[in-house]
Peer 1: 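I am attaching a structure below and will ask some questions about it afterwards.
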Protein chains: 2
Amino acid sequence: MPDDRTPNLKLPTASDRTIGRLSLYRRMLNIVKAEGRPYVYSHQIAALCGVTPAQVRRDLMSIGYSGSPNRGYDTSELLWSIEDFLYDPKGQNVALVGVGNLGRAILAYFTGRRPRLSVVAAFDNDPAKHSRVILGCRCYPLDQIEPVVRAQEIRVGILTVPASAAQLVAERLVEAGVCGLLNFAPMALRLPLHVHVEDIDLAMSLEKVAFFSRRRSRPVAATDKVAGS
Amino acid sequence: MPDDRTPNLKLPTASDRTIGRLSLYRRMLNIVKAEGRPYVYSHQIAALCGVTPAQVRRDLMSIGYSGSPNRGYDTSELLWSIEDFLYDPKGQNVALVGVGNLGRAILAYFTGRRPRLSVVAAFDNDPAKHSRVILGCRCYPLDQIEPVVRAQEIRVGILTVPASAAQLVAERLVEAGVCGLLNFAPMALRLPLHVHVEDIDLAMSLEKVAFFSRRRSRPVAATDKVAGS
DNA sequence: GGATGTGAATAGGTTCACAGCG
DNA sequence: CGCTGTGAACCTATTCACATCC
């Protein structure tokens, strides 16, 4: 029995994959805009992102933005439209747990880069790191997760702790109000359904590449076809 | 017109997703084995990996390993079977290009960890890093890519360079014989079809998490359901 | 003419459900 | 019984193809 008391405003429903590509389009549109081009066609976006033009149009359909049949999409308007869809107008605070090699690299990668989504707190159980500011980010002991996450209204967490600690730390974050996790620990987290987990498994990815590199035929001719649309 | 001169041995065909999960199963089976359990059921593997039992059986089917209906799978045999399928018996050498924060973290992550798949060379255009051994890995200037990759028969590359350099570096690697790339640069690489590229886009992943964390309803009751099979 | 927007067709991956077996 | 192996159903994502518009 479908619930038809859905609000009138047709809230767009985009799949996981679509969200990822929208993030990509956004980045590429920034480049297009920087080049001073006021309009783009779907096939141009597609080429930049390595997808098909139909895919681009389908994705843009899902956020309800329409282009003009003969000029394509208005670069600035489309960019604004995607940002409006993807981002929280107030911005979102992020916490990172596990300030090891990977944690530091991730911190460096995100620090100061994006205003709408900033890593505002780091946690580690190494006392040598506490109270220090690492890459523009205050570092706290693990038992400060609860108060800090609550105080800064952090809803997104990045997990760069060893697999053995991941489940426990994740639960603490969720307990404190986090409902989205970017998990680098090679472990399947068991968490409440309302929490969205995105896994990045470096070892798995490398093994996949290694596997498929073995399967690929060696280059046959000097003039190989080129991948992408 | 299908080519039916396929060799008789039914070479297993596994999809991209399946390869990723096999890598996961392998890791979990190592744990199961370390616990001294000689047999596992598909539902146990499934629980450890956060997938469904049917999925596990399907995946194992694709590598042609069979279990026993009442004891499940022989842990050691299955482990061996997966490793035999995933890994090159001779081992594979890997090169990393871009020894920045992320590059170093990745190096630290993989160094000495896995015998069948080792990062044996790093490249960077910062002269301060040349000829040094960073995390057990010799660092060369970029113009040494060709000779080093050829000499060590490297077929897999890890790209941790800025987006602006990614395409060029990737082409050089491929030119030297690389046919699998783990790409951390936020850019769609345009490469010959025989090259397998696995993209890890950190910014995109974080944006996805942030997006879905906004959509998720806050916890309603104290006793939430738990995700996973 | 060449673009967009979109229903319909296709491809691909996951789950169901059940036969078969120990 | 409860497990495995697997055809078939299902569901999701992508692509095709074409009506439509400037």
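Here is how names work: the chains are called A, B, and so on, in the same order as the sequence lines, proteins then strands, and each is numbered from 1. As the structure is a computational prediction, the values presented were derived from the model and not from experiment. Keep in mind that the numbers below use all heavy atoms, side chains included, and drop hydrogens, waters and symmetry copies.
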Peer 1: Side chains of Leu86(B) and Ile19(B), heavy atoms from C-beta outward: is any pair under 4.5 Å?
Peer 2: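 In short, these two side chains touch, coming nearer than 4.5 Å.
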Peer 1: What distance separates Gln55(B) CD from Arg21(B) CZ, expressed to the nearest 0.5 Å?
Peer 2: 3.5 Å
Peer 1: Could you tell me whether the side chain of Tyr25(B) reaches within less than 4.5 Å of the side chain of Leu60(B), counting heavy atoms only?
Peer 2: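 A side-chain contact exists here, since the closest heavy-atom pair is under 4.5 Å.
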Peer 1: Rounded to whole angstrom units, what separation is found between the CG atom of Asp74(B) and the P atom of dC3(D)?
Peer 2: 18 Å
Peer 1: Quick one: list whatever passes salt bridge (charged side-chain N to carboxylate O under 4.0 Å, His left out) with Asp199(A), sequence neighbours left out.
Peer 2: none
Peer 1: Indicate for each nucleotide in nucleotides 16-22 of chain D, in 5' to 3' sequence, whether protein heavy atoms under 4.0 Å reach the base (B), only the sugar-phosphate (S), or nothing (-).
Peer 2: -B---BB
Peer 1: Contact class for Ser66(B) (heavy atom, under 4.0 Å): base, sugar-phosphate, or nothing?
Peer 2: sugar-phosphate
Peer 1: Please state how far atom CG in Leu60(B) lies from atom P in dC3(D), giving the value in whole angstrom units.
Peer 2: 16 Å
Peer 1: What are the two closest non-hydrogen atoms of Arg114(B) and Ala203(A), and how far apart are they?
Peer 2: NH2-CB, 3.6 Å
Peer 1: Of all nucleotides in DNA chain C with an atom under 4.0 Å from a non-hydrogen atom of chain B, which is the first and which the last going 5' to 3'?
Peer 2: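 On DNA chain C, the outermost contacted nucleotides are dG13(C) to dG22(C).
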Peer 1: Run Arg27(A) and Asp201(B) through salt bridge (Lys or Arg N to Asp or Glu O under 4.0 Å) and show every step you take.
Peer 2: CA-CA 12 Å; Arg27(A) 186 189 298 147; Asp201(B) 189 326; 2.8 Å; yes
Peer 1: Rounded to whole angstrom units, what separation is found between the OH atom of Tyr65(B) and the P atom of dC3(D)?
Peer 2: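 Answer to the nearest Å: 17 Å.
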Peer 1: What's the CG-P distance between Asp59(B) and dT4(D), to the nearest Å?
Peer 2: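 It works out to 14 Å between those atoms.
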Peer 1: For residues Ile154(A) and Val178(A), report the shortest heavy-atom separation together with the two atoms involved.
Peer 2: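 Scanning both residues, the minimum pair turns out to be O-CG2, 3.8 Å.
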Peer 1: In whole angstrom, give the distance that lies between atom CG of Asp16(B) and atom P of dA13(D).
Peer 2: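 Atom CG in Asp16(B) sits about 16 Å away from atom P in dA13(D).
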Peer 1: Apply side-chain hydrogen bond (donor to acceptor under 3.5 Å, both in side chains) to Ser76(B) and list each qualifying residue two or more places apart in sequence or on a separate chain.
Peer 2: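 side-chain hydrogen bond (donor to acceptor under 3.5 Å, both in side chains) check on Ser76(B) returns nothing, list empty.
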Peer 1: Both Arg71(B) and Arg21(A) contact DNA chain D. Which one's nearest nucleotide lies toward the 5' end?
Peer 2: Arg71(B)
Peer 1: Within the distance-only criterion (no hydrogens, no angle test), does the side chain of Ser213(B) pair as donor or acceptor with the backbone N or O of Val195(A) below 3.5 angstrom?
Peer 2: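 It does not hold such a pair.
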Peer 1: For Leu48(B), what residues pass the side-chain contact (heavy atoms from CB on, under 4.5 Å) criterion, not counting sequence neighbours?
Peer 2: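 Counting only residues at least two positions away or on another chain, Leu48(B) forms a side-chain contact (heavy atoms from CB on, under 4.5 Å) with Met28(B), Val32(B).
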Peer 1: I'd like to know whether CD of Gln152(A) has more than 12 heavy-atom contacts from other residues, nucleotides or ligands below 6.0 angstrom.
Peer 2: yes
Peer 1: Which residues, if any, of residues 32-41 of chain A bring a heavy atom under 4.0 Å of DNA chain C?
Peer 2: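 Per residue number, the list reads Tyr41(A).
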Peer 1: Looking at every strand, decide which applies to Thr18(B) at a 4.0 Å heavy-atom threshold: base, sugar-phosphate, or nothing.
Peer 2: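 Here Thr18(B) touches no strand at all.
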